[in-house]
Amino acid sequence: MTTMPTTDPDTVSPDALHTPVLGWFDQHARDLPWRRPEAGAWGVMVSEFMLQQTPVSRVLPVYEQWLARWPRPADLAADAPGEAVRAWGRLGYPRRALRLHGAAVAITERHGGDVPRDHAQLLSLPGIGEYTAAAVASFAYGQRHAVLDTNVRRVFARAVSGVQYPPNATTAAERRLARALLPDDEARAARWAAASMELGALVCTARNEDCGRCPIAASCAWHLAGKPAHDGPPRRGQTYAGTDRQVRGKLLAVLREAVDPVPQAALDAVWHEPVQRARALDGLVADGLVEPLAGGVYRLPLT
DNA sequence: AAAACGTGGAC
DNA sequence: TGTCCAAGTTT
């Protein structure tokens, strides 16, 4: 007979988590450029786009160049989307660059050039989903939102539910828990969002977690249970080699480096298999990442 | 709801 | 060396 994990918000004591985690954050928060006051809402938003599935260490240099080149949304909006794709470099998932450009255009046209404060308005921008809308509203504007990213989900899974990893897909129970654990005070809630995320990023990591440095190890359900290994369906593994994604990446790398439009032959050289190669290129065009010109040449999108 | 969507560092 | 993982969004 086993007992179910404790996921009922009524059974957890929020303040017993808040105080130590916030205290730890005061001491150990990283000095990241998008956390500095001068970053502004635009800096926060740019960082959130870049950090979607990409590690901080790789984002840092691109972020700095991006903000120097396009210090306000209108600056990016005035430039070609292809320039955003080029400046994105090797961060991966280049559609994010296109969406960030699209968001800048929408902000310029519909919001007077200022990143909106309202969660619903943020959510309506391209490339902004539930997480990013909450993150921008919380980090940039100090609002009270449940900011549920992969780090926070893991912290909650362990500290509250007593399991090593959260479910593959975010559940309603997780959202409910995140809301229940949000401090009542707005400023404290915003601080909590950043702190709980930072704890997951630095201490309560996916592998090699460091419970010895964790401010809530003593009350962590998973730690108390003896840190049982993950039990259940395998966590989704990604394959990459030989996929369309890899071919798309190679094609786009050529276009990013090229100053002038690229002839078909130059693209053909990146992949031997013609059917997959054509499918990948078609996909890039369909996604608006590549613009086909007359005469069988291609370039990053000008419009 | 499941699958597509890049890239590179760490173990 | 191959697997795992990184502040998700979209269809």
Side-chain angles (χ1 to χ4, degrees), chain A residues 29-30 32-35 39 43-63 85 88-100 102-103 122-140 145-155 164-172 174-175 178 190 193-202 204-209 230 233-256 270 276 279-280 282-284 286-290:
Chain A
R30 288 169 293 181
L32 299 169
W34 43 87
R35 286 180 177 163
V44 171
M45 184 174 142
V46 169
S47 77
E48 289 303 336
F49 270 77
M50 293 182 172
L51 289 164
Q52 291 169 2
Q53 301 284 279
T54 302
V56 168
S57 60
R58 285 173 48 209
V59 164
L60 285 168
V62 183
Y63 171 88
V85 173
W88 198 254
R90 307 187 68 76
L91 286 182
Y93 292 145
R95 287 192 289 196
R96 291 181 293 166
L98 224 43
R99 290 171 181 153
L100 180 51
L122 287 164
L123 198 54
S124 76
L125 297 172
I128 294 193
E130 177 57 41
Y131 160 76
T132 304
V136 172
S138 180
F139 302 156
H145 291 283
V147 181
L148 200 52
D149 80 321
T150 188
N151 290 304
V152 176
R153 294 183 63 215
R154 186 174 53 249
V155 169
Q164 187 176 22
Y165 297 118
N168 280 168
T170 306
T171 63
E174 287 182 275
R175 297 185 216 286
S196 54
M197 192 175 306
E198 190 79 334
L199 185 64
L202 297 183
C204 192
T205 51
R207 288 183 296 186
N208 304 126
E209 68 282 353
H230 176 70
R235 315 181 60 212
R236 78 162 190 281
Q238 335 168 303
T239 53
Y240 180 64
T243 61
D244 286 5
R245 278 153 82 178
Q246 184 181 23
V247 183
R248 288 167 56 109
K250 288 179 176 298
L251 290 169
L252 207 55
V254 171
L255 291 160
R256 271 199 313 263
V270 309
Q276 187 179 29
R279 185 172 64 229
D282 286 349
L284 288 170
D287 289 346
L289 283 162
V290 172

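Side-chain atoms are counted along with the backbone in the values below, which use heavy atoms only and exclude waters and symmetry mates. Numbered from 1 within each chain, the chains take letters A, B, ... in sequence-line order.
- Counting only distance, with no hydrogens or angles, the side chain of A/Gln276 and the backbone of A/Gly242 share a donor-acceptor pair below 3.5 Å.
- Remark: P of C/dG8 and CG of A/Leu122 are 17 Å apart, rounded to the nearest angstrom.
- With rounding to whole Å, A/Glu48 atom CD is found 15 Å from C/dA6 atom P.
- Residue A/Tyr240 has its side chain nearest to B/dG6 when only B/dG6, C/dA6, B/dG8 are considered.
- One N or O on the side chain of A/Thr54 and one on the backbone of A/Leu91 form a donor-acceptor pair closer than 3.5 Å.
- Counting to the nearest Å, the P atom of C/dC4 and the CD atom of A/Gln164 are 13 Å from each other.
- Nearest to the side-chain atoms of A/Asp244 among the listed nucleotides B/dT7, B/dC5, C/dA7 stands B/dC5.
- Among the protein residues, A/Leu91 comes within range of the nucleic acid bases, having at least one heavy atom under 4.0 Å from a base atom.
- As judged by a 4.0 angstrom heavy-atom cut-off over every strand, A/Gly129 is placed among residues touching the sugar-phosphate backbone only.
- One N or O on the side chain of A/Arg256 and one on the backbone of A/Gly89 form a donor-acceptor pair closer than 3.5 Å.
- Note on A/Arg30: a base of the nucleic acid sits closer than 4.0 angstrom, heavy atoms only.
- Between A/Arg96 atom CZ and B/dG6 atom P there is a gap of 9 Å when expressed in whole angstrom units.
- Per the geometry, CZ belonging to A/Arg245 stands 10 Å off C1' belonging to B/dT7, to the nearest Å.
- Within the nucleic acid shown, A/Ala206 comes within 4.0 Å of sugar-phosphate atoms alone, with no base atom in reach, counting heavy atoms only.
- A/Arg245 places no side-chain N or O within donor-acceptor distance of the main-chain N or O of A/Tyr240, the cut-off being under 3.5 Å.
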Below 3.5 Å is the cut-off: list the nitrogen or oxygen pairs between protein and nucleotides 9-11 of chain B, distance only.
none

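- Counting any heavy atom pair closer than 4.0 Å across all strands shown, A/Arg153 reaches no nucleic acid atom.
- Among the atoms of the strands shown, base atoms are found under 4.0 Å from some heavy atom of A/Leu32.
- With sequence neighbours left out, the ring-ring contact (aromatic ring centres under 6.0 Å, His included) criterion links A/Tyr93 to no other residue.
- By the salt bridge (charged side-chain N to carboxylate O under 4.0 Å, His left out) test, A/Arg95 pairs with A/Asp287, sequence neighbours left out.
- Nucleic acid contact for A/Trp88: none, since no nucleic acid atom lies under 4.0 Å from a heavy atom of the residue.
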Show me, pair by pair, the donor-acceptor contacts under 3.5 angstrom made by side chains of residues 122-140 of chain A, not counting sequence neighbours?
| residue | atom | partner | partner atom | Å |
| --- | --- | --- | --- | --- |
| A/Ser124 | OG | A/Arg110 | NH2 | 3.4 |
| A/Ser124 | OG | A/Gln121 | O | 2.8 |
| A/Glu130 | OE2 | A/His119 | NE2 | 3.4 |
| A/Tyr131 | OH | A/Glu48 | OE1 | 2.7 |
| A/Thr132 | OG1 | A/Gln52 | NE2 | 3.0 |

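- With sequence neighbours excluded, no residue forms a salt bridge (charged side-chain N to carboxylate O under 4.0 Å, His left out) with A/Arg154.
- Comparing atom distances between the A/Tyr93 side chain and each of B/dT7, C/dA7, B/dC5 picks out B/dC5 as nearest.
- Put simply, OH on A/Tyr63 is 18 Å from P on C/dA7, counting in whole angstrom units.
- Across all strands shown, A/Phe139 has no heavy atoms under 4.0 Å from either base or sugar-phosphate atoms.
- Contact annotation: side chain of A/Thr54 to base of B/dG6, donor-acceptor pair present below 3.5 Å.
- Shown here are the salt bridge (charged side-chain N to carboxylate O under 4.0 Å, His left out) partners of A/Arg35, two or more places apart in sequence or in another chain: A/Glu198.
- The distance from atom CZ of A/Arg99 to atom P of B/dG6 is 9 Å, rounded to the nearest whole Å.
- C/dA7 and B/dA2 have their C1' atoms separated by 23 Å, given to the nearest Å.
- Taking atom C1' on both nucleotides, C/dT10 is separated from B/dA1 by 13 Å, rounded to a whole Å.
- The residue among A/Pro55 and A/Glu130 whose nearest nucleotide of DNA chain C is located toward the 5' end is A/Pro55.
- A straight line from CG of A/Asn151 to C1' of C/dA6 spans 9 Å, rounded to a whole angstrom.
- For A/Gln53, a side-chain nitrogen or oxygen approaches OP1 or OP2 of C/dG8 to under 4.0 Å.
- On the P atoms, B/dG6 is 14 Å away from C/dT11, given to the nearest whole Å.
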